[in-house]
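Here the structure is laid out as structure tokens; the discussion comes afterwards.
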Amino acid sequence: MASMRAGLLMMCKSRVFDGVFTQFCHKAKHTKLAQCATANIGIRNVSSSYNSSINDEDDAMFLHGNKLHTPVMLDEVLEFMSPSENQVFVDMTFGAGGHSKAILDACPKTTLYALDRDPVAIAVAKQLSSKCYGDRLVPLEGKFSDLGKLLSSHNVRHNSIDGVLIDAGCSSMQMDSAERGFSLSKDGPLDMRMDSNRLPHQPTAADVVNALSEIDISKILKMYGEERQARKIARAIVQYRETFQPIATTKELAHIVSCAFTHREARKRKDKLSRPAHSATKTFQALRIFVNNELNELIMGLEQVERYIKPGGKLAIITFHSLEDRIAKRFLRGIDYSEKQSMNLRQKRRLGMAKDEEHGKPGMPMEEGHKNTVWKQIRKKVVIPTDDDIMKNPRARSAKLRTAVKCDDNIDND
């Protein structure tokens with residue numbers, strides 16, 4: 001078997017477009033993957049030019065900062081935040097600055113701290129600060145988990161922020177940049193790091209698919225992409241990299257995932273609007289979340305937010321898939337993240353009694369309608385984009401907005 005794989009790899013490198021290559025692979029029962037490898041060699045040749053397409057961060061900032069950007073549910077966010085004089089806000093996902101600019105423009109005497117882990121987004125924020133808003137816009141480069149440290153460096157105290165916005169997930173700038181490796185529709189290096197080269201030791205998506213075992217890749221796809229065919233896709237990835245070559249580009253991975261499905265299975269794939277969806281959509285989502293540790297960062301970021309928002313302060317969270325929304329919902333309702341989903345009343349009572357006993361309290365059953373005493377949700381149901389919003393920005397189709405106000409009787413002066 002090892003000699004067969006070595007032979008296939010050698011032929012893949014030296015005789016890619018030779019008909020003998022496909023014939024030999026057919027005999028080895030790898031026809032589909034062989035066709036995928038044949039197509040992907042051309043992709044790799046093209047992708048080698050991406051690293052020179054953007055020479056430095058300033059060029060990237062100019063490229064992205066001048067694109068038309070449509071913020072998700074901007075009117076709803078502005079109506080909820082209702083900025084007024086001398087208020088202080090934090091945009092924890094600055095991106096291209098659409099929401100931040102709208103908040104700053106709504107009232108001329110507001111201050112906004114713009115947090116982002118992406119160096120390109122921070123470059124945009126610095127340019128806007130120097131040319132338009134001055135000291136009113138303060139760029140903060142870092143992850144959600146860095147919020148407390150960064151705010152402290154600017155002498156911002158706990159319980160002092162009037163409003164916080166979190167627009168979770170991947171920004172349009174990142175999705176539209178082939179060289180960042182987020183989009184399966186644009187060919188580029190399989191990177192997916194939101195921090196780009198800011199953290200040089202952070203693994204890329206290519207490192208993940210080329211280094212982890214089939215079982216580990218399958219767990220990632222199932223957990224972070226909610227992919228039902230995780231084992232089948234993971235098997236195809238490992239089979240391809242072991243038989244042909246390491247996976248290096250977005251198109252290459254998309255082709256491999258497509259090869260794991262029959263035509264009938266691929267046709268059944270639909271998005272939330274019942275439109276045909278690419279077979280690799282959930283795979284790309286899972287790898288992106290894993291590479292950037294997005295869910296843990298969101299949890300840590302929300303914990304930081306709770307400390308810094310003042311009583312009566314406002315929190316708006318925009319999510320784009322069920323994993324993010326589940327975290328936001330549990331946070332606002334005061335439900336432990338480790339609690340099992342869809343527990344019955346008996347299970348909830350047992351959990352409540354166990355937690356009370358841990359803290360030395362008499363075991364008391366958890367009530368079915370237990371409410372969070374820290375946050376008061378403004379609406380029972382989430383806000384979703386209107387049809388007009390989706391027409392203007394199709395990426396907003398899966399967005400959900402949750403809003404809440406911090407209750408007055410929860411003050412932490414540490």
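Just so it is clear, the structure is predicted and the values come from calculations on it, not from any experiment. Hydrogens, waters and symmetry mates play no part in the numbers below; they use all other heavy atoms, side chains included.
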About how many Å separate [atom2] of [Y] and [atom1] of [X], when rounded to the nearest 0.5 Å?
| X | Y | atom1 | atom2 | answer |
| --- | --- | --- | --- | --- |
| Gln245 | Arg241 | CD | CZ | 13.5 Å |
| Leu112 | Met81 | CG | CE | 9.5 Å |
| Cys259 | Lys232 | SG | NZ | 12.5 Å |
| Lys101 | His99 | NZ | NE2 | 11.5 Å |
| Ile215 | Arg235 | CD1 | CZ | 10.5 Å |
| Asn210 | Leu190 | CG | CG | 8.0 Å |

List the atom of [X], the atom of [Y], and the distance in Å for their closest heavy-atom pair.
| X | Y | result |
| --- | --- | --- |
| Ile122 | Ala114 | CD1-O, 4.2 Å |
| Val382 | Arg402 | CG1-CZ, 3.0 Å |
| Ala206 | Ile247 | CB-O, 3.7 Å |
| Ile318 | Ala399 | CG2-CB, 4.2 Å |
| His154 | Val138 | NE2-CG1, 3.5 Å |
| Gly312 | Asp408 | N-OD1, 3.6 Å |

I'd like to know if the side chain of [X] and the backbone of [Y] have a donor-acceptor N/O pair within less than 3.5 Å.
| X | Y | answer |
| --- | --- | --- |
| Glu79 | Glu76 | no |
| Glu227 | Lys222 | no |
| Gln304 | Gly148 | yes |
| Ser160 | Val156 | no |
| Thr204 | Asp191 | no |
| Gln174 | Cys170 | no |
| Ser130 | Lys126 | yes |
| Asp146 | Lys143 | yes |
| Ser129 | Leu137 | yes |
| Gln202 | Arg193 | no |

Would you say that [X] contacts [Y] through its side chain, given a criterion of any heavy-atom pair below 4.5 Å between the two side chains?
| X | Y | answer |
| --- | --- | --- |
| Leu115 | Leu147 | yes |
| Gln377 | Arg333 | yes |
| Tyr113 | Val88 | yes |
| Thr93 | Phe144 | yes |
| Val305 | Met92 | yes |
| Leu315 | Lys406 | no |
| Val238 | Ile217 | yes |
| Phe89 | Pro83 | yes |

Pair [X], [Y]: side-chain N/O donor-acceptor within cut-off below 3.5 Å:
| X | Y | result |
| --- | --- | --- |
| Tyr308 | Ser152 | yes |
| Ser322 | Asp325 | no |
| Thr110 | Gln87 | no |

Applying side chain to side chain contact (heavy atoms under 4.5 Å, CB included), name anything that partners Ser218, two or more places apart in sequence or on another chain. Ala230, Arg231, Ala234

Which residues satisfy the salt bridge (charged side-chain N to carboxylate O under 4.0 Å, His left out) test with [X], sequence neighbours excluded?
| X | result |
| --- | --- |
| Asp195 | Arg117, Arg198 |
| Lys310 | Asp162 |
| Asp118 | Arg180 |
| Glu303 | none |

Using a cut-off of 6.0 Å, state whether more than 12 heavy atoms not belonging to Ile384 lie near its atom CD1. no

Heavy-atom count around Met175 CE within 6.0 Å, excluding the residue itself: above 12? yes

Taking the cut-offs as 6.0 angstrom to the six-membered ring centre and 45 degrees off its axis, would you call Lys314 and Phe80 a cation-pi pair? yes

Test Glu306 against Val374 for side-chain contact (heavy atoms from CB on, under 4.5 Å), laying out the working first. CA-CA 8 Å; Glu306 191 168 294; Val374 179; 3.7 Å; yes

I'd like a table of donor-acceptor pairs (distance under 3.5 Å, sequence neighbours excluded) in which one partner is a side-chain atom from residues 283-293, with atom names and distances.
residue: Gln285; atom: NE2; partner: Tyr224; partner atom: O; Å: 2.9
residue: Arg288; atom: NE; partner: Glu294; partner atom: OE2; Å: 2.7
residue: Arg288; atom: NH2; partner: Glu294; partner atom: OE1; Å: 3.1
residue: Asn292; atom: OD1; partner: Met194; partner atom: N; Å: 2.7
residue: Asn292; atom: ND2; partner: Met192; partner atom: O; Å: 2.8
residue: Asn292; atom: ND2; partner: Arg288; partner atom: O; Å: 2.9
residue: Asn293; atom: OD1; partner: Asn296; partner atom: ND2; Å: 2.9

Intermediate values then yes/no, side-chain contact (heavy atoms from CB on, under 4.5 Å), Leu253 and Thr250: CA-CA 5 Å; Leu253 178 60; Thr250 53; 6.0 Å; no

List the steps and the verdict of side-chain contact (heavy atoms from CB on, under 4.5 Å) for Leu151 and Leu140. CA-CA 8 Å; Leu151 288 177; Leu140 303 176; 3.9 Å; yes

Aromatic ring pairing Phe331/Trp375, orientation class (parallel under 30°, perpendicular over 60°, tilted between): tilted

Among Thr403, Leu401, Leu302, the one residue meeting side chain to side chain contact (heavy atoms under 4.5 Å, CB included) with Ile317: Leu302

side-chain contact (heavy atoms from CB on, under 4.5 Å), that's the test. Do Val124 and Phe94 meet it? Break it down for me. CA-CA 9 Å; Val124 175; Phe94 179 79; 4.1 Å; yes

